[in-house]
Amino acid sequence: MTTEAPIKATSAPTPATTPTKRVLRKFFANPVAIGGLVVILIFVLTALITGICALFGIYFPYDPNATNLAIKLNPPSAAHWLGTDNLGRDVFSRLLNGSYISLSVGFVAMAVSLLLGVVIGAVSGYYGGWIDNILMRIVDALLCFPSFFLILTAVALLGPDIRIIILVIGLLSWTGTARLVRAEFLTLRETEYVRAARALGQRTWPIIFRHILPNAFAPIFVTAVVGIPDAILIEAGLSFINLGVQPPQATWGNIITDGRSYLLDAWWLIVFPGLAIFLAALSFYLVGDALRAATTTRQQSK
Amino acid sequence: MLNFILRRLAISSVLIFIISIISFLMIILAPGGPNPWGELNPKITPQVKEMFRKKFHLDRPIHEQYFLNMRDLFTGRLKSIKDERPVISRILERLPATLTLNLYAISISLIFGLLWGVWAARHAGTTADMLSSMGAFALIALPGFWVAYLILIGLVNFAGVPVLGTQSYGIEFPSFANLWLDRLWHVVLPGTILALGGIAVQSRYIRATVLEAMNEDYIRTARAKGLPEETVFYKHALRNAVRPLITGIGSLLPALIGGSLIIETIFAYPGMGRLGYEAVLERDYPTLVALNFVVAALILLGNLIADVLYAVVDPRVRLE
């Protein structure tokens with residue numbers, strides 16, 4: 001009874017710091033990161049709420065697809081905060097409604113490309129040899145294409161359906177992740193614990209997924225965060241060529257596309273949806289960068 | 001050095017083979033064949049569809065399709081749906097305009113990226129550096145066409161910067177120098193908007209590389225022997241910025257050419273990007289598919305040049 005207390009005191013580390021806690025503390029000490037995170041949360045919450053409400057036919061403040069030619073191309077006012085478009089639809093309602101689709105495109109496309117990139121990068125880095133050689137030459141070749149051209153061509157040939165758009169963006173933007181994961185695996189597969197697992201007769205897939213992958217989590221997570229705005233920007237670019245998500249479903253990109261015929265008469269059709277894309281993309285990039293800084297263990301000078 | 005170049009050439013020829021496979025196999029993606037009329041058009045009889053499949057050799061086994069399509073592209077037998085002209089000449093006639101625009105964009109990306117990156121590395125950790133990196137991400141997050149529209153709405157009404165085409169109207173027989181200055185003047189606005197993201201990406205890359213170099217042993221040695229911090233930074237650390245400067249050529253090109261599709265369309269600039277846009281609108285699939293191949297081949301060439309250039313500057317690379 002009496003001997004137990006001092007032993008406990010020495011064996012337990014005094015401040016409970018785990019690597020995760022250290023990263024989180026470093027991340028939340030960064031005002032830019034907090035700002036970006038808050039903006040992302042606002043966007044995601046708005047998208048979720050309007051998305052769920054839309055399922056029940058509840059729209060705020062107006063029905064995003066209700067046309068009223070009597071009030072077409074009205075500038076921002078108290079009734080229509082961000083003005084109305086050429087069919088008299090409320091731009092603010094369309095922005096809210098579009099946020100659900102635009103963010104979904106970002107998240108799902110990122111998930112698809114992450115899955116592919118991690119599996120291909122892991123196989124390439126773990127096995128090495130000719131498998132690695134073939135996979136990496138394919139990556140090199142894909143990186144020679146401007147990804148926007150390739151995505152656009154695939155969507156043009158397959159038809160601009162939202163599921164196709166998401167899949168094509170995901171299936172054609174995994175190359176960066178694959179290279180990164182491969183590089184991580186190349187160094188991690190030589191570590192003692194992986195050798196030990198192999199020596200103990202552990203099979204390959206458990207080694208890849210249970211031993212190596214968790215240790216490459218930080219950089220993979222960072223690329224995931226940065227992949228979301230990339231996909232959002234690509235969808236907006238596709239909208240420009242009328243190959244994005246098709247009207248009447250609003251997305252941030254196609255509101256701008258619809259509005260460009262009225263470029264010099266109705267600036268609000270261009271400015272506000274662009275601002276939404278810009279703010280969302282910027283927040284994801286800033287949070288991604290802050291995460292990268294917080295998870296980098298190597299000492300930076302100054 | 002010759003050995004290195006030969007090795008790079010060998011790898012490049014493997015890559016161009018993979019690139020050609022990827023671009024031509026995209027044709028088989030189209031459900032029901034790459035016809036420009038849509039599935040439900042009642043005027044299109046099965047005979048017309050069959051003719052179209054024949055044109056792309058879709059009635060052959062897949063490996064034969066590939067070789068036949070490649071042969072057709074280079075012999076000019078692959079024709080545009082729009083005007084029945086060989087696809088390859090339609091694409092190559094856009095080459096000068098595209099090269100001018102992208103060379104301009106890549107030059108200012110490299111120059112301003114370098115200046116910005118070096119400045120940021122010198123001031124690393126300060127509030128100014130924090131603001132400048134926020135600014136860099138802001139430039140990356142800007143959708144290019146949105147910026148172009150904002151500028152069209154605002155600035156062009158007041159300043160006389162040309163926003164259309166490659167040449168001014170009304171100049172009938174310009175001298176050679178005048179013609180090129182005029183061309184360049186038309187490149188400035190689209191080229192600058194195109195390069196905004198590239199400048200930002202490049203500045204981040206340079207900043208990171210120089211800062212990483214500041215941790216090296218030879219920097220500690222330089223400091224230990226009492227060199228002033230200025231000399232340590234500008235003479236010893238800054239040399240490392242050469243790497244991002246050269247590899248930047250290869251890594252910036254795909255993004256620039258990808259972005260040029262939108263920017264060239266907005267500014268009615270007759271380059272390859274605009275051709276891609278027209279091809280999508282006209283459902284001109286032969287042009288679209290071949291354009292992917294040509295653009296990727298050009299980027300591969302850019303990468304090859306960057307690699308060789310890098311090996312000239314840094315002899316260590318040749319041995320890898």
Side-chain angles (χ1 to χ4, degrees), chain A residues 30-32 35-36 137-138 140-159 168 229 232-234 236-237 239-243 252-253 256-257 259-260 263-264 267 270-271 273-275 277-286 288-289 298-302, chain B residues 11 14-19 21-23 26-27 29-31 34 124-125 130 133-134 137-138 140-147 149-150 152-153 157 211-212 214-215 219 251 253-262 265 276-277 279-281 283 285 288-289 291-292 295-297 299-300 303:
Chain A
N30 184 346
V32 179
R137 291 300 79 73
I138 294 176
D140 289 346
L142 275 173
L143 282 170
C144 281
F145 288 95
S147 58
F148 188 66
F149 265 55
L150 211 53
I151 289 170
L152 168 100
T153 308
V155 174
L157 285 164
L158 288 167
V168 168
I232 294 176
L233 287 170
I234 290 173
S239 288
F240 173 85
I241 323 166
N242 297 323
L243 283 180
W252 293 338
I256 301 183
T257 312
R260 69 175 167 207
L263 186 66
L264 296 172
W267 54 269
I270 308 289
V271 172
L275 214 54
I277 298 174
F278 170 62
L279 274 181
L282 177 61
S283 312
F284 279 111
Y285 284 135
L286 289 177
D289 186 56
R298 200 188 296 162
Q299 195 89 73
Q300 287 262 311
S301 76
K302 285 193 179 178
Chain B
I11 295 175
V14 172
L15 288 185
I16 194 88
F17 178 62
I18 304 177
I19 285 171
I21 290 181
I22 295 172
S23 28
M26 295 206 75
I27 295 178
L29 280 180
M130 199 186 80
S133 64
M134 277 180 76
F137 284 111
I140 299 170
L142 279 176
F145 62 100
W146 187 58
V147 183
Y149 284 147
L150 289 188
L152 284 178
I153 293 174
N157 291 327
L211 280 184
E212 209 181 289
M214 291 299 276
N215 285 327
I219 296 292
S251 57
L253 258 182
L256 285 179
I257 296 187
S260 73
L261 190 133
I262 287 173
T265 304
Y277 176 77
V280 172
L281 286 196
R283 290 167 168 262
Y285 297 126
L288 193 58
V289 168
L291 189 64
N292 267 293
V295 164
I299 290 169
L300 184 66
N303 273 320

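In the text below, chain A, chain B and the rest are named by the order of the sequence lines, each starting its count at 1.
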For [X], which atoms come within 4.5 Å of any heavy atom of chain B: side chain, backbone, both, or neither?
X: A:Leu233; value: side chain
X: A:Ile256; value: side chain
X: A:Val271; value: both

**Asked** In terms of heavy-atom pairs under 4.5 Å, which option from A:Val32, A:Ile232, A:Ile277, A:Val155 contacts chain B the most?
**Response**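 Ranked by heavy-atom pairs under 4.5 Å with chain B, first place is A:Val32.
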**Prompt:** With respect to chain B, which residue among A:Leu275, A:Asn242, A:Leu279 yields the maximal number of heavy-atom pairs within a distance under 4.5 Å?
**Reply:**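 Ranked by contacts with chain B, first place is A:Leu275.
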**Request:** Apply side-chain contact (heavy atoms from CB on, under 4.5 Å) to A:Pro229 and list each qualifying residue two or more places apart in sequence or on a separate chain.
**Result:**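 By the side-chain contact (heavy atoms from CB on, under 4.5 Å) rule, A:Pro229 matches A:Ala281, A:Phe284, A:Tyr285.
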If you count heavy-atom pairs within less than 4.5 Å of chain A, which of [options] leads?
options: B:Ile11, B:Leu281, B:Ile219, B:Ile140; answer: B:Ile140
options: B:Val14, B:Ile16, B:Leu15, B:Thr265; answer: B:Leu15
options: B:Val295, B:Leu300, B:Leu261; answer: B:Leu261

Just how far is it from atom [atom1] of [X] to atom [atom2] of [Y], taken to the nearest 0.5 Å?
X: A:Trp252; Y: B:Trp146; atom1: CH2; atom2: CH2; answer: 12.5 Å
X: A:Leu243; Y: B:Tyr277; atom1: CG; atom2: OH; answer: 9.5 Å
X: B:Met26; Y: A:Leu158; atom1: CE; atom2: CG; answer: 7.5 Å
X: A:Ile138; Y: B:Ile18; atom1: CD1; atom2: CD1; answer: 6.0 Å

Under a 4.5 Å heavy-atom cut-off, does chain A meet the side chain of [X], its backbone, both or neither?
X: B:Ala138; value: both
X: B:Asn303; value: side chain
X: B:Phe137; value: both
X: B:Ser251; value: neither

Please report, to 0.1 Å, the donor-acceptor pairs under 3.5 Å made by any side chain of residues 143-152 of chain A, with sequence neighbours excluded.
none

